[in-house]
Amino acid sequence: MSSLFESLKDSLRGSVLKNESMAAHTSWRVGGPADLFILPADRDDVLTALRLLQEAHCPWLAIGSGSNLLVRDGGIRGAVLNLANLRQLQFQANGRVVAEAGLPVTHLIRLCVEKGLKGMEAMAGIPGSLGGAVAMNAGAGGQEMAGVVTEVVLATPEGEVSRTATDLSFAYRRCELPPQSLLVEATLSLTVAEPVELQVIYRERLAHRRQAHAVGGANAGSVFKNPTGRQAWRLIDEAGLRGASQGGAKVSERHTNFIVNTGTAKAKDILGLIEQVRERVRACQGVNLEPEVKIIGSDELPARDEWI
Ligand SMILES: Cc1cc2nc3c(=O)[nH]c(=O)nc-3n(C[C@H](O)[C@H](O)[C@H](O)COP(=O)(O)OP(=O)(O)OC[C@H]3O[C@@H](n4cnc5c(N)ncnc54)[C@H](O)[C@@H]3O)c2cc1C
């Protein structure tokens, strides 16, 4: 009987890897191996993969560029789908843009600004894919994905389904995707504007980001959400944690809501430092900081290899 790995390899035009280190697919450069790592060639491949994974009762999750992910050192049991090959993009009439989930958001925003489409220019420089940006309701400079997404297409083991933005219940750095679904396409509604005006905001935001985010090491952007009416970086700073470290992980001296991998960090160092920050801020300011980064995977390496 062929393994799930072999069935996927035989059925997909994209690539399928086993025991793929997640450190290679996350901006923090940490994380153990995923049992299976699937790069579908296109949307048909996504549906085929989901069907086979469902038949094998294999758990799965979608990732984008891994710029908001902390994968534990034991890695991920089951399959990871990376949609980087899904990059189709269509500019339609009246500021309507239809884009696939693997498209890098920086690329999308640059093109929108060039075409005089307003609504995302202040988000210039946010790393990651469109799928990740919608899933996280990414935002910056007073704009967020919830303000521009009108509709999405989700892939499920049964086929593709459309949902409106209202169905996704967007909130601060989150939205609700139905279980057993991943996002393959989003429709955005932007406002027609003067490209020159948008260029000014776009360049300012990029320059600000280059300066504020130059933390000198692998990171995943802001680690904690801002509690209502407060700024996480300030709470961390006031708790005396600037430069605090654990193993190879360090609270950035430049931006205290960033944790930097100084080169040798393991996920357990970053997790330990996250806990240290939360405890100290709770003790000093009575505020419960909630991680913005998604923490996934297991601590221990697997004792079984049922998928591969
Ligand atoms: C230097 C730096 C600066 C940053 N600045 C900002 C900022 O200003 N504002 C901000 O909001 N974020 C910021 N981030 C965080 C991050 O870039 C965003 O959250 C980004 O949108 C994540 O996209 P991604 O493709 O990397 O997603 P991933 O990190 O790969 O995934 C994030 C989540 O989305 C889910 N997901 C990804 N793709 C799909 C899909 N196709 N279908 C369903 N679920 C999916 C994953 O399962 C996971 O739960 C920053 C990160 C870094 C490293």
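Ligands are counted one by one from 1 in listed order, and the atoms in each one are counted from 1 as well. Since we're looking at a predicted model, the values are computed, not measured. Numbers here are sequence positions counted from 1.
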Give the residue and atom name of whichever protein heavy atom lies nearest to [atom], and the separation in Å to one decimal.
| atom | result |
| --- | --- |
| atom 28 (P) of ligand 1 | G66 N, 3.7 Å |
| atom 31 (O) of ligand 1 | L69 CG, 4.0 Å |
| atom 46 (C) of ligand 1 | A62 O, 3.2 Å |
| atom 53 (C) of ligand 1 | G221 N, 3.4 Å |
| atom 49 (O) of ligand 1 | K294 CG, 3.4 Å |
| atom 33 (C) of ligand 1 | M136 SD, 3.7 Å |
| atom 16 (C) of ligand 1 | S67 OG, 3.2 Å |
| atom 21 (O) of ligand 1 | A133 CA, 3.2 Å |

Note to self: Quick test of your reading of the model: are E176 and R174 salt-bridged, counting only N-O distances below 4.0 Å?
What the structure shows: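 Looking at R174 together with E176, the answer is yes, because their closest N to O distance falls below 4.0 Å.
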
Note to self: One thing to verify: whether R13 and D42 come together as a salt bridge, which I'm taking to mean a side-chain N less than 4.0 angstrom from a carboxylate O.
What the structure shows: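 Looking at R13 together with D42, the answer is yes, because their closest N to O distance falls below 4.0 Å.
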
Closest candidate by heavy atom, reference [atom], pool [options]:
| atom | options | value |
| --- | --- | --- |
| atom 19 (O) of ligand 1 | V223, L183, N68 | N68 |
| atom 13 (C) of ligand 1 | L86, V134, I126 | I126 |
| atom 4 (C) of ligand 1 | S181, P104, G102, P127 | P127 |
| atom 10 (C) of ligand 1 | A140, G139, G64, C175 | G139 |
| atom 45 (C) of ligand 1 | S65, A214, A135 | A135 |

Using a 4.0 Å cut-off to any heavy atom of [X], which atoms of ligand 1 qualify?
| X | value |
| --- | --- |
| S129 | 23 (O), 24 (P), 25 (O) |
| R173 | 11 (O) |
| N219 | 1 (C), 53 (C) |
| G128 | 23 (O), 24 (P), 25 (O), 26 (O) |
| A138 | 11 (O), 21 (O) |

Are there more than 12 heavy atoms of other residues, nucleotides or ligands under 6.0 Å from atom [atom1] of [X]?
| X | atom1 | value |
| --- | --- | --- |
| D10 | CG | yes |
| K225 | NZ | yes |
| E114 | CD | yes |

Note to self: Would you say that Q54 contacts W60 through its side chain, given a criterion of any heavy-atom pair below 4.5 Å between the two side chains?
What the structure shows: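 Result no, sub-4.5 Å side-chain heavy-atom pair not found.
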
Check: Are any non-hydrogen side-chain atoms of I259 and W28 less than 4.5 angstrom apart?
Finding: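 They are in contact (side-chain heavy atoms under 4.5 Å apart), so the answer is yes.
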
For [X] and [Y], which I'm curious about, is there any donor-acceptor pair between the side chains at under 3.5 Å?
| X | Y | answer |
| --- | --- | --- |
| H107 | R110 | yes |
| D167 | T164 | yes |
| R282 | N288 | yes |
| R96 | T187 | no |
| Q180 | E158 | no |

Specify side chain, backbone, both or neither for [X], according to which of its non-hydrogen atoms lie closer than 4.0 Å to ligand 1.
| X | value |
| --- | --- |
| L177 | side chain |
| R209 | side chain |
| M123 | neither |
| L83 | side chain |

Checklist line | ligand 1 to A220 polar contact by distance, N or O atoms, under 3.5 Å | finding: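 By distance alone, the answer is no.
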
Checklist line | Geometric N/O contact S222 with ligand 1, under 3.5 angstrom | finding: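 No - when backbone and side-chain N and O of S222 are compared with those of ligand 1, no distance drops under 3.5 Å.
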
Note to self: Below 30° counts as parallel, above 60° as perpendicular, anything between as tilted: where do the rings of H213 and F258 land?
What the structure shows: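 Ring orientation of H213 relative to F258: tilted.
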
Next item on the list: Could you tell me whether K115 sits above the aromatic face of F91, with NZ or CZ closer than 6.0 angstrom to the six-membered ring centre and within 45 degrees of the axis?
Entry: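 Pair K115/F91 counts as cation-pi.
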
